[in-house]
Visitor: 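One structure follows; several queries about it will come next.
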Amino acid sequence: DQQVKQNSPSLSVQEGRISILNCDYTNSMFDYFLWYKKYPAEGPTFLISISSIKDKNEDGRFTVFLNKSAKHLSLHIVPSQPGDSAVYFCAASGINTNAGKSTFGDGTTLTVKP
Amino acid sequence: NAGVTQTPKFRILKIGQSMTLQCTQDMNHNYMYWYRQDPGMGLKLIYYSVGAGITDKGEVPNGYNVSRSTTEDFPLRLELAAPSQTSVYFCASRTPTDNYGYTFGSGTRLTVV
């Protein structure tokens, strides 16, 4: 049973518009959520995170929203740029338990068209 | 500051061969992890370690072994390679109190034929 799901394998947006990537989770024990960005032939790089005690975290063009009751989080990128084209992974962790192991979704490939 | 270094970057193994994937970090991180990523899939945890001398199994440990003799090194051993182990392997590290996620290596692409 997949505990972290990214239901959209791909997303295409125009440069300058908003990109919204979605993620759902099933395990109520998760208390920290992260987004990673991955370019081909590279390792994932950390992008932004949010604790379960918050519902929003912002870092420049990137904002993550958390809806605990719906067990849903989303990553908003505004404005989108061609360099944002990559695979985005959602991850969830129990920070204070189980060695901070993260469970990953399958990823969403974002393409930003010039 | 090199971060997390993985070697080799690519490797082709024959069925039944063995190899060790190397992972070294220079950030003095206590926690280290091995993940594998199959095509179109997310990352699955193979093994992890919370410090030198301490290792534990993750979600998909079968066919693999690890050791952690120092804080810096966390090698992953494949015994009797099988085609199902064809994947991209990522090593990662973090501090126990670091809320900024993992630092990943660049990966090892392994093909078993």
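Reminder, nothing fancy here: chain letters follow the sequence lines and each chain counts from 1.
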Visitor: So which of A:Gly105, A:Pro44, A:Cys90 has the biggest tally of heavy-atom pairs under 4.5 Å with chain B?
Guide: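 Highest number of heavy-atom pairs under 4.5 Å: A:Pro44.
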Visitor: Please say yes or no: joined through hydrophobic side-chain contacts below 4.5 Å, possibly via intermediate residues, are A:Tyr36 and A:Ile20 part of one cluster?
Guide: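 Different hydrophobic clusters.
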Visitor: Hey, what do you get for CD (A:Gln2) to CE (B:Met41), rounding to the nearest 0.5 Å?
Guide: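 If we round to the nearest 0.5 Å, A:Gln2:CD and B:Met41:CE are 6.5 Å apart.
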Visitor: Just wondering, are more than 12 heavy atoms of other shown residues or ligands nearer than 6.0 Å to CZ in A:Arg61?
Guide: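 Yes, CZ of A:Arg61 has more than 12 neighbouring heavy atoms, counting only those of other groups under 6.0 Å.
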Visitor: Assigning hydrophobic clusters by single linkage (Ile, Leu, Val, Met, Phe, Trp, Tyr; side-chain heavy-atom cutoff under 4.5 Å), is B:Leu76 placed with B:Met32?
Guide: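 The answer is yes; both residues are in one hydrophobic cluster.
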Visitor: Would the number of heavy atoms belonging to other residues, nucleotides or ligands and lying under 6.0 Å from NZ of A:Lys68 be above 12?
Guide: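 No, not enclosed.
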Visitor: Heavy atoms under 4.5 Å from chain A: which residues of residues 105-113 of chain B carry them?
Guide: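 Contacts with chain A: B:Gly105, B:Ser106.
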Visitor: Contact part of B:Gln37 toward chain A, heavy-atom cut-off under 4.5 Å: side chain, backbone, both or neither?
Guide: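 Contact with chain A is through the side chain of B:Gln37 alone.
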Visitor: When you group the ILVMFWY residues by side-chain heavy-atom contacts below 4.5 Å and let the links chain together, are A:Leu73 and A:Val87 in the same group?
Guide: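 A:Val87 does not cluster with A:Leu73.
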Visitor: Which residues pass the side-chain contact (heavy atoms from CB on, under 4.5 Å) test with B:Val50, sequence neighbours left out?
Guide: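 Only A:Ala99, B:Tyr31, B:Tyr48, B:Ile54 meet the side-chain contact (heavy atoms from CB on, under 4.5 Å) criterion with B:Val50.
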Visitor: Please report the closest heavy-atom contact between B:Phe90 and A:Lys38, naming both atoms and the distance.
Guide: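 Minimum heavy-atom contact is CZ-CE, 3.5 Å.
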Visitor: Please determine whether residues A:Ile50 and A:Leu75 belong to a single hydrophobic cluster, defined as Ile, Leu, Val, Met, Phe, Trp and Tyr linked transitively by side-chain heavy-atom distances below 4.5 Å.
Guide: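 Yes, same cluster.
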Visitor: What part of B:Leu43 lies closer than 4.5 angstrom to a heavy atom of chain A: side chain, backbone, both or neither?
Guide: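 Both backbone and side chain.
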Visitor: More than 12 heavy atoms of other residues, nucleotides or ligands under 6.0 Å from CD1 of A:Ile18: is that the case?
Guide: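 Count over threshold, so yes.
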Visitor: At under 4.5 Å between heavy atoms, what parts of residues 106-114 of chain A are in contact with chain B? List them by residue number.
Guide: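 Result: A:Asp106.
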Visitor: Going by the angle between their ring planes, with limits at 30° and 60°, are A:Phe104 and B:Phe104 parallel, tilted or perpendicular?
Guide: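 Ring orientation of A:Phe104 relative to B:Phe104: perpendicular.
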Visitor: With A:Ser74, which residues qualify under side chain to side chain donor-acceptor pair (under 3.5 Å), at least two apart?
Guide: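 Scan of A:Ser74 (side chain to side chain donor-acceptor pair (under 3.5 Å), adjacent residues dropped) gives A:His76.
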Visitor: As an exercise, state the distance from OG of A:Ser102 to OH of B:Tyr33, rounded to the nearest 0.5 Å.
Guide: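 Rounded to the nearest 0.5 Å, the OG-OH separation comes to 7.0 Å.
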Visitor: What are the two closest heavy atoms between A:Phe46 and B:Gly101, and how far apart are they?
Guide: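 Nearest heavy atoms, A:Phe46 then B:Gly101: CD1-CA, 4.0 Å.
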Visitor: Select one option (side chain, backbone, both, neither) describing which atoms of A:Ala91 are under 4.5 Å from chain B's heavy atoms.
Guide: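 No part of A:Ala91 comes within 4.5 Å of chain B.
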